[in-house]
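Encoded as structure tokens, the structure appears first; notes follow it.
All ligand and atom numbering here is 1-based and tracks the order in the structure.
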Amino acid sequence: MEDMKEIWWKEAIIYQIYPRSFMDSNNDGIGDIRGIISKLDYLKELGITVIWLSPIFKSPNTDNGYDISDYCSIMEEFGSIEDFKALLNGAHSIGIKLILDLVVNHTSDKHPWFLEAKKSKDNPYHDYYLWSDKANNWKSFFSGSAWEYVPELNLYYLHMFGKNQPDLNWKNPKVRQEIHNIARYWLDLGVDGFRIDTANMYSKVEGFPDCEGEGLILPVPFFINGPEIHNYHKEFYNECFSKYDCFTVGETPFTDPEEALLFVGVDRQEMNMCIHFEHIGINSYKDRQEFEPVDMHKVKEILIKWQEKLSNDGWNCLYLSNHDQPRQVSRYGNDSKYHKESAKMLGAMLHTLKGTPFIYQGEEIGMTNVGFCSISEINDIESLNNIPEFGEEKVLAFANEMGRDNARTPFHWNSGENAGFSNAKPWIRCADNYKLINAYEQKNDPDSILNFYKRLISLRKLKKALVYGDFHVHETPYDDLFCYTRELEGQSIFVLLNMSDKSYDYKVPNGKLLLSNYNHDSNIIKPYEARIIEKAL
Ligand code: ISL
Ligand code: CA
């Protein structure tokens, strides 16, 4: 079976770093590359094998680096190309690979291509972007119209994100070539692959048709998984990725498993994995007024579906959080009464399902949502752009539940000033609980979330069934329990996860207890309990 082929990225544990918030080496309040270098030993000890760096390129930072003005130079606050090479060498020398974030649906409006493009319709770069003489009813991700008027040209340009992030015209072969060259530049320097931002948004439906309905609408059918998207990725793969031993994971919102297989199916030759949003997008904030808590039964159902649909072809990406999502223990667990138990249970799930686990910085110590007190503490463009429509109070409430800033506050290294992140005031405030939740305290506590993550990672390296084994759901009478086995040539591992704060009477199969977040082996399954058992065969 093709998916049994042993490949490094299937065995990987990927750790996402948001450089601005990881570690500040020169005390200007902004995380940087030298800061990351100083923490490589921490990452090695944790056991991760791949670092994904959120964008480190030159950027005016209207969207914290997801608005790039030069793809081949390093953002000044983060350091220099020499610093980056030192990081890459440092990581490689301890067996850690490194992937970069390729943000190529759009550039910054300060990118030289765009500065040229808006000079005149005859400029050779004009056709690098998408223009129209009228603004249709498309809404951007970051509120308001997706079109911005340029009076000098009497034309509008398309921006599916902020107005400082004009969308590139992928129909133009020159644009695609430029993008391939950027990827090659970094691969030639030795990087091990890319997380490809908004990977399914490059092909827009011809003629920019209006969406049906009142007001501005996010035009999902007209820019997600558009007509040319697979051709673009096949070309990218053929021209570039196929020539390197590299790995690609594309971010693909609004994508079901059938469509996902078109990106990641082994014979498709497009990308290796995709980041889908089905389990992430299940609760909403209706009109920014009423928050619905996550239904863990739905999460379970969705994850099972993806496990089964991508079982013989393709490969899952296992994650609950990243720099765009609230903290996982706050959203899917219980960040007060069962903080430790639920953080560990969620970690156990991510390391025992079939696929590659992605850890977002701070998840391994159970960092929580922040509890921002005032709108002045909010930094994220996605939240701030909502103020005209919803007002500050609602936006603050939204930001506290779902806002992206929750994931972007400084990493908690220790209980010292600014959580040990910097001697200077950080660019964004720290969460107040860093004295209780930090890496230093947890390193020395054998029962900590951090040490549980270390054990999970070691276990996954030790038991091939946890990587390559088939996934089978194990039915129980209780919806709150998520049980499954992972089976491979004489190895059978049973996983029990209690996704709730209730207890259940349930007899688990006999076998050797490999790991648990409680210290008992009775039939009473405790709140948020996780047990990983090697079944006697
Ligand atoms: O979460 C989302 C879809 O359900 C979107 O809000 C999100 O913005 C989208 O997934 C794209 O995200 C990526 O591209 C953005 C950037 O702001 C995000 O940080 C990045 O992950 C624009 O580059
Ligand atoms: Ca710094």
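When hydrogens are left out, the protein atom nearest atom 13 (C) of ligand 1 is Asp197 OD1, 2.9 Å; that is the closest non-hydrogen contact. The single protein non-hydrogen atom nearest to atom 6 (O) of ligand 1 is Glu382 OE2, 3.3 Å, given as residue, atom name and distance. The shortest contact between atom 8 (O) of ligand 1 and any protein heavy atom is with Phe161 CE2, 3.5 Å. The closest protein non-hydrogen atom to atom 16 (C) of ligand 1 is Asp63 OD2, 3.3 Å.
Counting heavy atoms from C-beta on, the side chains of Trp147 and Phe208 come closer than 4.5 Å.
For the pair OD1 of Asp28 and O of Ile30, the angle whose vertex sits at the Ca ion (ligand 2) is 90° to 10 degrees.
Taking every non-hydrogen atom of Asp324 and a distance limit under 4.0 Å, the qualifying atoms of ligand 1 come out as 12 (O), 13 (C), 18 (C), 19 (O), 20 (C), 21 (O). Shown in contact with His106 at under 4.0 Å from a heavy atom are these atoms of ligand 1, numbered in order with element: 22 (C), 23 (O). Within ligand 1, the atoms closer than 4.0 Å to a non-hydrogen atom of Glu251 are 9 (C), 10 (O), 11 (C), 12 (O), 13 (C), 21 (O), numbered from 1 in the order shown. For ligand 1, the atoms closer than 4.0 angstrom to any heavy atom of His323 are 18 (C), 19 (O), 20 (C), 21 (O).
At under 3.5 Å, a nitrogen or oxygen of Arg195, whether backbone or side chain, sits near a nitrogen or oxygen of ligand 1. Considering both main-chain and side-chain atoms, Gln165 never comes within under 3.5 Å of ligand 1 through any nitrogen or oxygen pair.
Remark: distances from the non-hydrogen atoms of Pro253 to ligand 1 include one below 4.0 Å.
For residue Asn26, an N/O/S atom approaches the Ca ion (ligand 2) to within less than 3.0 Å.
For Phe277, every heavy-atom contact with ligand 1 shorter than 4.0 Å involves the side chain, none the backbone. Only side-chain heavy atoms of Phe142 come within less than 4.0 Å of ligand 1; its backbone N, CA, C and O stay farther off.
Side chains of Asn423 and Asn418: no donor on one and acceptor on the other come within 3.5 Å.
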